[in-house]
Participant: 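The structure is given below, and queries will be raised subsequently.
Order of appearance sets the numbers: ligands from 1, and atoms from 1 within every ligand.
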Amino acid sequence: MIEQLKNFIRHGKHANQKLIGQDKMHYDYEPKNPIRIDGNRIYSEKTKLDNATAVAQIVAEERVQKSKLPTYQGLERYRILEKMGEGAFSNVYKAIDTVTQEKVAIKVVRKSELNHLQGNGDRKIMPNIKKSNTLQSHIEHVFKNNTSKHTSNTSNTEMHLHCDMKNQPRAIERSNVLKEVQIMRQLKHPSIVSLLGFSESPDYYFLVLELMEGGELFHQIVKLTYFSEQLSRHVIVQVAQGIRYLHEEKGVVHRDIKPENILFQPIPIFPSKEERPPPEPNGESKEDEGQFIPEVGGGGIGKIKIADFGLSKIVWDEQTRTPCGTLGYTAPEIIKDERYSKSVDLWALGCVLYTCLCGFPPFYDESIQDLSDKVSKGQYTFLSPWWDNISSSAKDLITHLLIVNPDKRYTIQQFFEHPWVKDEPFQSTVNRSVIINPKPINLVSKVEPPLYDESIGTPEESVRRKDIISPGISLKEMFDISYAVHRMGEENARKKKIKGLEKSGGLNPFKNHHNNLNDDFSVEATRSNEPIKTKTGSIRQLTQLISSNKQQHKEGVHRRKGFDLNLEAATLLRRRKALVEPKGI
Ligand SMILES: Nc1ncnc2c1ncn2[C@@H]1O[C@H](COP(=O)(O)OP(=O)(O)OP(=O)(O)O)[C@@H](O)[C@H]1O
């Protein structure tokens, strides 16, 4: 078709076009023939020119589109079809495997930007990787070793080796993408996006992934305004099944569960049985989800899978079920630490469930100081009128997930035992007054004066869902930042605790474990190694600060600014940074 159109353009106004039937098209280059469309209407010379211009435009657009799709040395087997998304250092494309005809997603990661993050010292701390060896072959080596050990009875020495193998290539650990590959290759679960292949070229890493045609759950929340409880359950249970598998079978903590990293397979929207959708609070209209079909889905959402293991970490050895790096040590502190690590994913699960049910996230504020305060105190509300029609059972589950103290927060097993998850009748065991007005959480509150822009009007005048999110910052941004704030706050506190124990001589055998913690913080730690401290600042100021910090780094200046919160790991901020210093693929 495109070739024909090109011909048409090449021959310009002398070309005559005939449409034969509905969709067949051919071109007649005899200059004087009239243009016939559908064999009925005859178009004038002017219309003919208009058509030519329109077609030329289409072709030009398609050309631009096509030229945007890159080709990569080393990816010849795949034909790239379209861009599906992007990460901080990567682009994700839909592609077709020309051998199997299978459609896949390919994440293309730019090495140059990763190297920038890794610093110059990596080679020194990874002496076992010879210059001639590619990182890929090193990973293969690590995997082979690990796999062979998994089949044997693991002795203590072997275990030590096994853990060492995981700990040795620290440069690999530092590079999120390679850690991602290392972790993903061990995973096989219906709620986890599968890694189908991995390769590299001098400039890129290529991760061939199971294709999730629907894309991000985030977009579907925005599209449908929010989800019904049934649809929310359908989504959250699948995410939780993936988390249970990661935590209990693989010893992996995801650490970046958010609607952006939850992907779905699309299904058709089945027409609703109800004639009219239920009335909406505040006169808002909700996009019709259609009928929910158990085991299949609704709202266009079928299967759900967790993606993006770039921030994940292994907390215990899959084979021995002991914390990796601690060689069989089972101190309560370490066991507890493991539980703390996992509990970050449960907090995130609560945030996702909250967002599915109402269409906006539990924590938001334009001021980073206030957002940080809210997250650290667990201050969120079930805002009226949006939460008025949502069951107390769903609210109860959320209150057990969004608990600041990780000791008291639901574990993944407790999540699955909750009546809302089982879709069973709910009887609150908690004193009702506690549910209605606990401190510091207000479960039902009036709209707070918040995040509105003067241009929109006061909350009393017209508060709509979209107004809940400050116009200065998107839902996605809020998620990104509040997750990062929470994770860093919690993990920094743990890190400090472990350091304290180590200093007092209580944790000497866990040097490795401590190192692991340091590794986790190599990219996203606060520079001061202290709990998050922030000066009052807005998200925009924060963005500026990050780019100026980067500049200082380049200049070798390590002055401490008052603002110690380093959110470099927050996807959005990395993206913004990339915008400040654009790097093409
Ligand atoms: N398997 C897939 N199928 C379809 N789309 C995908 C797939 N994997 C990723 N994407 C799309 O690409 C986006 C970026 O992917 P991913 O989150 O893995 O990249 P990243 O570099 O790790 O991003 P981040 O900067 O968020 O850490 C996703 O949000 C999603 O829209």
Participant: Who gets closest to atom 16 (P) of ligand 1 by heavy atom: Glu210, Lys83, Lys107?
Facilitator: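 It is Lys107 that holds the nearest heavy atom.
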Participant: Mark up the atoms of ligand 1 that fall under 4.0 Å of a heavy atom belonging to Glu216, in ascending order.
Facilitator: 28 (C), 29 (O), 30 (C), 31 (O)
Participant: Heavy atom of Ser90 under 4.0 Å from ligand 1?
Facilitator: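 So Ser90 counts as touching ligand 1.
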Participant: With heavy atoms only and a cut-off of under 4.0 Å, state how Met212 meets ligand 1: side chain, backbone, both or neither.
Facilitator: both
Participant: Please, which pairs that meet salt bridge (charged side-chain N to carboxylate O under 4.0 Å, His left out) have at least one residue in residues 344-353, sequence neighbours excluded?
Facilitator: none
Participant: Do Leu263 and Ile304 have side-chain heavy atoms sitting under 4.5 Å apart?
Facilitator: no
Participant: Could you list the atoms of ligand 1 found under 4.0 angstrom from a heavy atom of Val193?
Facilitator: 1 (N)
Participant: Using a 4.0 Å cutoff against the non-hydrogen atoms of Glu260, which atoms of ligand 1 qualify?
Facilitator: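 This gives 29 (O) as the contact atoms.
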Participant: Does His234 have any ring-ring contact (aromatic ring centres under 6.0 Å, His included) partners at least two apart in sequence or in another chain, and if so, which?
Facilitator: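 Testing His234 for ring-ring contact (aromatic ring centres under 6.0 Å, His included), a comparison that skips the adjacent residues, returns Phe292.
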Participant: For Met84, take its heavy atoms, then give the atoms of ligand 1 lying under 4.0 Å from any of them.
Facilitator: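 Result: 4 (C), 5 (N), 31 (O).
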Participant: Is Asn261 touching ligand 1 with its side chain, its backbone, both, or neither, if touching means heavy atoms under 4.0 Å apart?
Facilitator: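 The side chain, only.
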Participant: Determine whether the aromatic ring centres of Trp347 and Tyr410 lie less than 6.0 Å apart.
Facilitator: no
Participant: Determine whether the aromatic ring centres of Trp386 and Phe360 lie less than 6.0 Å apart.
Facilitator: yes
Participant: Does Arg79 CZ have over 12 foreign heavy atoms under 6.0 Å away?
Facilitator: no
Participant: Given that the side chain starts at C-beta and the backbone is N, CA, C, O, which of these parts of Leu263 lies under 4.0 Å from ligand 1, counting heavy atoms, or is it both or neither?
Facilitator: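 Just the side chain.
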Participant: Could you see which bit of Ala105 sits under 4.0 Å from ligand 1, with heavy atoms only: side chain, backbone, both or neither?
Facilitator: side chain
Participant: Look only at the side chain of Gln241 and the backbone of Val239, and say whether a donor-acceptor pair between them is shorter than 3.5 Å.
Facilitator: no
